[in-house]
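Here is the structure we will look at, set down as structure tokens.
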Amino acid sequence: MDVAVLGAGATGRGIAQCCAAAGHGVTLHDDDANVVMDGIDAVEAGLDDAVTAGTLDAAARDDAVGRIEATTGLDGAVADADLVVEATDADRAARRDLFADVEERVGDETFIATSGAAVSVTAVAAGLRNPGRAVGLHFVDPPEAPLVEVVVAEQTAEPTREAAVSFVEGLGREAIVVRDTPGFAATRLGLALSVEAMQMIDERAAGVEAVDRAMTVGHDHPVGPLAAADERGLDATLDALEHLAGTLGERFTPPPVLREKVAAGDLGRKTGEGFYVWEGGEPVEPADPDPRPDLRAESPVDPEDGVDGG
């Protein structure tokens, strides 16, 4: 299958790597030539990392690199594509226009997907003459996480849904089918956990490391919710929560500690400090001291103790 990935940012690069490693021909597109070439370099580096980690052999790495092309021309990117995946940072209106532009340049059997987690697939598909070919493919943290959400819009046709699920499974990824609702499933659940963790920090219920270890050790999560928020970017986390709060209600209201850190410019890994202090891309210690409850110097004495019974 020939896959066109529109957008050479972090998400587009990750998707391109997943597709190339699975044997698909990939054309990575961006309007900026420097960005798209940097994207190709990043994909190759990611494939090298996979070889080092033992998840990809060297010959497969070389084959994957040979299947990747770069272009700044939309015609060249999508003309022969069986699947077009939009992975830009554009707003809803711009994505809808891009979908319509792509449809003019592809065959009738090509299906068109958006990878955005904070965009309505239904709204983006509204610009198509054949909106049944539209679907969401939300790659959760590509290329590391093996989960891809197949997001079914109101217009998505059954053959499109089936083709999308088959494509994801062919990548060696886990596909889950979700409706086109705010946050889908993975983002919504992850943010809900982050909100509760941050509320615990606001309430001084426990320290940052204790809250995260409650999930990593207690529930076998690979990363704690506060470290995950730092990795995502606290500004991005705040934006996502404000979006969900506006659509799903106050349970997603951003906690005060999050607003305070964003206002202070402490955005997580990318700035070196958030809930953790980060060095070399790794959290080294909590940014704030643990809460210290007032403890008694000694155990309380039962009023009955010390009373002479004679």
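Everything numeric in this text was worked out from a predicted model, so none of it was measured.
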Spacing of S120 atom OG and R96 atom CZ [to the nearest 0.5 Å]:
9.5 Å

Residue pair V121 / Q155, side-chain heavy-atom distance below 4.5 Å:
no

Exercise: identify the closest heavy-atom pair between H138 and F184:
ND1-CD1, 3.9 Å

State whether the number of non-hydrogen atoms from other residues, nucleotides or ligands found under 6.0 Å of R92 atom CZ is greater than 12.
no

From I201 atom CD1 to D288 atom CG, the distance as rounded to the nearest 0.5 Å:
8.5 Å

As a quick check of understanding, evaluate side-chain contact (heavy atoms from CB on, under 4.5 Å) for H29 and V36, giving each step before the final call.
CA-CA 6 Å; H29 169 273; V36 76; 5.7 Å; no

Minimal non-hydrogen separation, A134 against T160, with atom names:
O-CG2, 4.0 Å

Hydrophobic cluster membership, V135 vs L128, 4.5 Å side-chain cutoff
no

4.5 Å side-chain heavy-atom contact, Y276 and E209
yes

Parallel, tilted or perpendicular: which one describes the rings of F167 and H24, with boundaries at 30° and 60°?
tilted

Looking at side-chain heavy atoms only, is the closest gap between L234 and T271 below 4.5 Å?
no

With a 6.0 Å cut-off (strictly less than), is the heavy-atom count around CD of E279, excluding the residue itself, greater than 12?
no

Are L244 and L238 grouped together when hydrophobic residues (ILVMFWY) are joined by side-chain heavy atoms under 4.5 angstrom apart?
yes

Scan the side chains in residues 3-23 for donor-acceptor partners under 3.5 Å anywhere in the protein, sequence neighbours excluded, and list what turns up.
{"from": "R13", "atom 1": "NE", "to": "A8", "atom 2": "O", "distance (Å)": "2.8"}
{"from": "Q17", "atom 1": "NE2", "to": "G46", "atom 2": "O", "distance (Å)": "3.3"}

Over all atoms of both residues, closest heavy-atom pair of L241 and L258
CD1-CD2, 3.7 Å

Closest heavy-atom contact between H219 and A214?
CD2-O, 3.3 Å

N/O donor to acceptor pairs below 3.5 angstrom from side-chain atoms of residues 186-196, sequence neighbours left out:
{"from": "S194", "atom 1": "OG", "to": "G190", "atom 2": "O", "distance (Å)": "3.2"}

Which pairs count as salt bridge (Lys or Arg N to Asp or Glu O under 4.0 Å) when at least one residue sits in residues 211-227, sequence neighbours excluded?
none

Pairs where residues 154-172 contributes a residue and the test salt bridge (Lys or Arg N to Asp or Glu O under 4.0 Å) is met, not counting sequence neighbours
E158-R161

Check step by step if side-chain contact (heavy atoms from CB on, under 4.5 Å) holds for L98 and L74.
CA-CA 10 Å; L98 179 58; L74 188 60; 4.3 Å; yes

Could R129 and E104 be called an ion pair, given the rule that one side-chain N must be under 4.0 Å from one carboxylate O?
yes

Indicate the atoms forming the closest heavy-atom contact of F99 with E86, along with that distance.
CE1-CB, 3.9 Å

Check the surroundings of atom CG in D89: do more than 12 heavy atoms from other residues, nucleotides or ligands lie under 6.0 Å from it?
no

Rounded distance (nearest 0.5 Å) linking atom CD of E103 with atom CG of D108
8.5 Å

Treating S166 as the side-chain partner and A163 as the backbone partner, does any N or O pair qualify as donor plus acceptor under 3.5 Å?
no

Is a donor on one side and an acceptor on the other found under 3.5 Å between the side chain of K261 and the backbone of D266?
no

Any pair counted as salt bridge (Lys or Arg N to Asp or Glu O under 4.0 Å), so long as it reaches residues 224-249, sequence neighbours left out
D235-K270, E242-R259

Minimum heavy-atom distance between D290 and G207, given as atom pair plus value
OD1-CA, 3.5 Å

Connected via hydrophobic side-chain network under 4.5 Å: M1 and V165:
yes

Calculate, to the nearest 0.5 Å, the distance between atoms CG and OG1 belonging to L47 and T55 respectively.
9.5 Å

To the nearest 0.5 angstrom, please state how far the CG atom of D202 sits from the CZ atom of R204.
11.0 Å

Quick check: is V177 connected to V85 through a chain of hydrophobic side chains (ILVMFWY, heavy atoms under 4.5 Å apart)?
yes

N/O donor-acceptor pair under 3.5 Å between E149 side chain and A185 backbone:
yes

Steps toward side chain to side chain donor-acceptor pair (under 3.5 Å) verdict (D2, T27)
CA-CA 8 Å; D2 290 323; T27 302; over 6 Å; no

Would a single hydrophobic cluster contain both V208 and W278, if residues Ile, Leu, Val, Met, Phe, Trp and Tyr are joined by side-chain heavy-atom contacts under 4.5 Å?
yes

Interatomic spacing from CG in D75 to CG in D80 - rounded to 0.5 Å
10.5 Å

Do the non-hydrogen side-chain atoms of L83 and L137 ever get within less than 4.5 Å of each other?
yes

Among residues at least two apart in sequence or on other chains, which ones pass side chain to side chain donor-acceptor pair (under 3.5 Å) with T110?
none

Without swapping roles, check the side chain of R61 against the backbone of D49 for a donor-acceptor pair under 3.5 Å.
no

Side chains of E109 and D82, heavy atoms from C-beta outward: is any pair under 4.5 Å?
no

Keeping the roles fixed (side chain from R173, backbone from V168), state whether a donor-acceptor pair exists under 3.5 Å.
no

